[in-house]
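One structure is given here, and the rest of the page talks about it.
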Amino acid sequence: MSLLIGNIGSLVTNDPALGDGPLGLLSDAAVVVDGDTVAWVGPAGKAPAADGSVDAAGRALLPGFVDSHSHLVFAGDRTAEFNARMSGRAYEAGGIRTTVAATRAASDAELNANVTRYLAEMLRQGTTTVEVKSGYGLSTVDEARSLRIAAGHTQETTYLGAHVVGPEFADDPAGYVDLVAGEMLEACAPYARWVDVFCERGAFDGDQARAVLTAGAAKGLQPRIHANQLSHGPGVQLAVELGAASADHCTHLTDRDVAALADGTTVATLLPGAEFSTRAPYPDARRLLDAGARVALSTDCNPGSSFTSSMPFCLAVAVREMGMTPDEAVHAATAGGALALRRTDVGRISPGARADLHLLDAPSHVHLAYRPGVPLTAAVWQGGVRKV
């Protein structure tokens, strides 16, 4: 069955060959979907016939958001920790262990229900592609089951056994790295596409991160890395050196880090929800964009440092606090996320792309930043099927 979405007031294609600027903007436009694929894009008056139609009524249509960094397989929450932090306590990576205990104690059914819930929240806000990490099991059994559960929901699954040192190895971090790069990796690799590591004080240093990422790559997993969130460190340089798809957080960067990202293929994925929830300094997106780096936006949805599933919220914060224009933020939350996942089938609305579409109850994509906190999603199609 084919579907014509017509009378689109403003269409974000992310294809400069189809419209104006990097967003490939078209006005008074139409899109034809055939099955799960975009078949045609162009002026509304020239649209071909289709089996069914939807009147966009002058509203804006953009690609579904691509959330390339989330931690959805967990149990419990960290309300008390958040409350304490908002009362003056600094954020530290060690709080992850609280979620590890709750996740280990939860059943598969409970963990699966949580993933289903948060993915549904994301979909209702226009997110159609989501990467999901492990990292709250920190044992071979619990990391493997976390990824098995995640793989039931998305093809973008990431092995993050190297989130922090598992509690059983508190006095033997080298032993834990050996486990993550050995037995645990063997058990998890069949369920993962990516391998990640939290390269940060309180987590893993550069040599440990290198060992984990290279071991993962040897098993066919592609690298990405939590880099330079809490302090300057080796994460960004390591990401670029290893050809990682993304370096995520990028809050504390030297000029050398910025130049490396601009000159390499690694995407700088910025996660403003984390800074919002920890009262930390925001990353400087303007600095990265002006240098020519590739930039993505993501939620970092997790129970400790960024418990939001809302890409519109993160987009609005990026515009207000990180120096991005509304156009740049929308691009980063769609095409940028696709680039961070090395996907060419999502994050755009052009012939051959997957039909992941987000119709706003607004005349322009700029309203996502202009009207922060307002639910603007009017409809969402995922793979050509209307879900919202």
Side-chain angles (χ1 to χ4, degrees), residues 68-71 73 93 96 100 130-166 168-169 172-200 203-229 233-250 257 260-261 263-269 294 296 338-344:
S68 61
H69 184 128
S70 80
H71 304 252
V73 187
I96 291 167
V100 170
V130 184
E131 179 263 15
V132 178
K133 304 178 191 296
S134 67
Y136 291 123
L138 306 189
S139 70
T140 298
V141 169
D142 289 299
E143 284 294 296
R145 75 171 178 136
S146 294
L147 283 164
R148 185 175 65 250
I149 290 166
H153 296 271
T154 179
Q155 71 186 74
E156 301 298 344
T157 53
T158 300
Y159 169 49
L160 184 58
H163 203 179
V164 294
V165 173
E168 296 82 3
F169 289 82
D172 184 17
Y176 185 70
V177 171
D178 289 342
L179 175 68
V180 169
E183 173 191 306
M184 189 185 289
L185 173 61
E186 289 286 339
C188 291
Y191 307 107
R193 181 184 178 199
W194 305 96
V195 59
D196 196 347
V197 59
F198 189 12
C199 184
E200 187 57 74
F204 300 91
D205 65 24
D207 291 339
Q208 293 168 328
R210 181 188 299 277
V212 170
L213 295 178
T214 54
K219 296 295 291 184
L221 305 185
Q222 300 178 64
R224 51 201 320 113
I225 187 169
H226 285 60
N228 301 54
Q229 177 186 4
V236 165
Q237 295 295 326
L238 181 61
V240 174
E241 175 193 335
L242 297 181
S246 68
D248 297 27
H249 289 288
C250 294
D257 293 331
L261 289 166
D263 293 340
T265 60
T266 299
V267 176
T269 300
R294 301 159 182 83
L339 193 61
L341 294 176
R342 292 187 171 160
R343 297 276 295 272
T344 59

*asked:* Enumerate the side chain to side chain donor-acceptor pair (under 3.5 Å) contacts for residues 180-189, please, sequence neighbours excluded, ordered by first and then second residue.
replied: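 Sorted pair list: T140-E183, E186-K219.
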Nearest-0.5 Å distance that lies between atom [atom1] in [X] and atom [atom2] in [Y]:
{"X": "L261", "Y": "Q237", "atom1": "CG", "atom2": "CD", "result": "8.0 Å"}
{"X": "R343", "Y": "E131", "atom1": "CZ", "atom2": "CD", "result": "11.5 Å"}
{"X": "R342", "Y": "T265", "atom1": "CZ", "atom2": "OG1", "result": "5.0 Å"}
{"X": "D207", "Y": "L238", "atom1": "CG", "atom2": "CG", "result": "9.0 Å"}
{"X": "C188", "Y": "L160", "atom1": "SG", "atom2": "CG", "result": "10.5 Å"}

Taking C-beta and beyond as the side chain, do [X] and [Y] meet within less than 4.5 Å on heavy atoms?
{"X": "E200", "Y": "H249", "result": "no"}
{"X": "H69", "Y": "R224", "result": "no"}
{"X": "Y159", "Y": "V180", "result": "yes"}

_Less than 4.0 angstrom from a charged side-chain N to a carboxylate O is my criterion; do R145 and D142 meet it?_
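Yes.
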_Working for side-chain contact (heavy atoms from CB on, under 4.5 Å), residues H153 and V132_ = CA-CA 9 Å; H153 296 271; V132 178; over 6 Å; no
Between [X] and [Y], which heavy-atom pair has the shortest distance, and what is it?
{"X": "A150", "Y": "V73", "value": "CB-CG2, 4.0 Å"}
{"X": "A151", "Y": "Y191", "value": "CB-O, 4.0 Å"}
{"X": "L138", "Y": "G161", "value": "CD2-O, 3.4 Å"}
{"X": "G137", "Y": "V100", "value": "O-CG1, 3.7 Å"}
{"X": "A203", "Y": "V165", "value": "O-CG2, 4.4 Å"}
{"X": "A245", "Y": "A340", "value": "CB-O, 3.5 Å"}

*Residues two or more places apart in sequence or in another chain: which of them pass side-chain hydrogen bond (donor to acceptor under 3.5 Å, both in side chains) with T266?*
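Here no residue qualifies.
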_List the residues meeting side-chain hydrogen bond (donor to acceptor under 3.5 Å, both in side chains) with S146, not counting sequence neighbours, and say none if there are none._
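Partners of S146 under the side-chain hydrogen bond (donor to acceptor under 3.5 Å, both in side chains) test: none.
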_Check the orientation of F204 and Y176. Use parallel for under 30°, tilted for 30 to 60°, and perpendicular for over 60°._
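Answer is parallel, since the angle falls under 30°.
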*Could you check whether the rings of F198 and H226 sit parallel, tilted or perpendicular, using 30° and 60° as the cut-offs?*
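Aromatic pair F198/H226 classed tilted.
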*asked:* Using only atom types and a distance under 3.5 Å, with no angle test, would you say the side chain of T154 pairs donor to acceptor with the backbone of V130?
replied: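 Yes; at least one donor-acceptor contact below 3.5 Å.
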_T269: which of D248, L341, L339 passes side-chain contact (heavy atoms from CB on, under 4.5 Å)_ = D248
*Quick one: do S68 and E156 satisfy side-chain hydrogen bond (donor to acceptor under 3.5 Å, both in side chains)? Show the steps, please.*
CA-CA 8 Å; S68 61; E156 301 298 344; over 6 Å; no
*When you look at N228 and C250, which way does the side-chain contact (heavy atoms from CB on, under 4.5 Å) test go after all the steps?*
CA-CA 5 Å; N228 301 54; C250 294; 5.6 Å; no
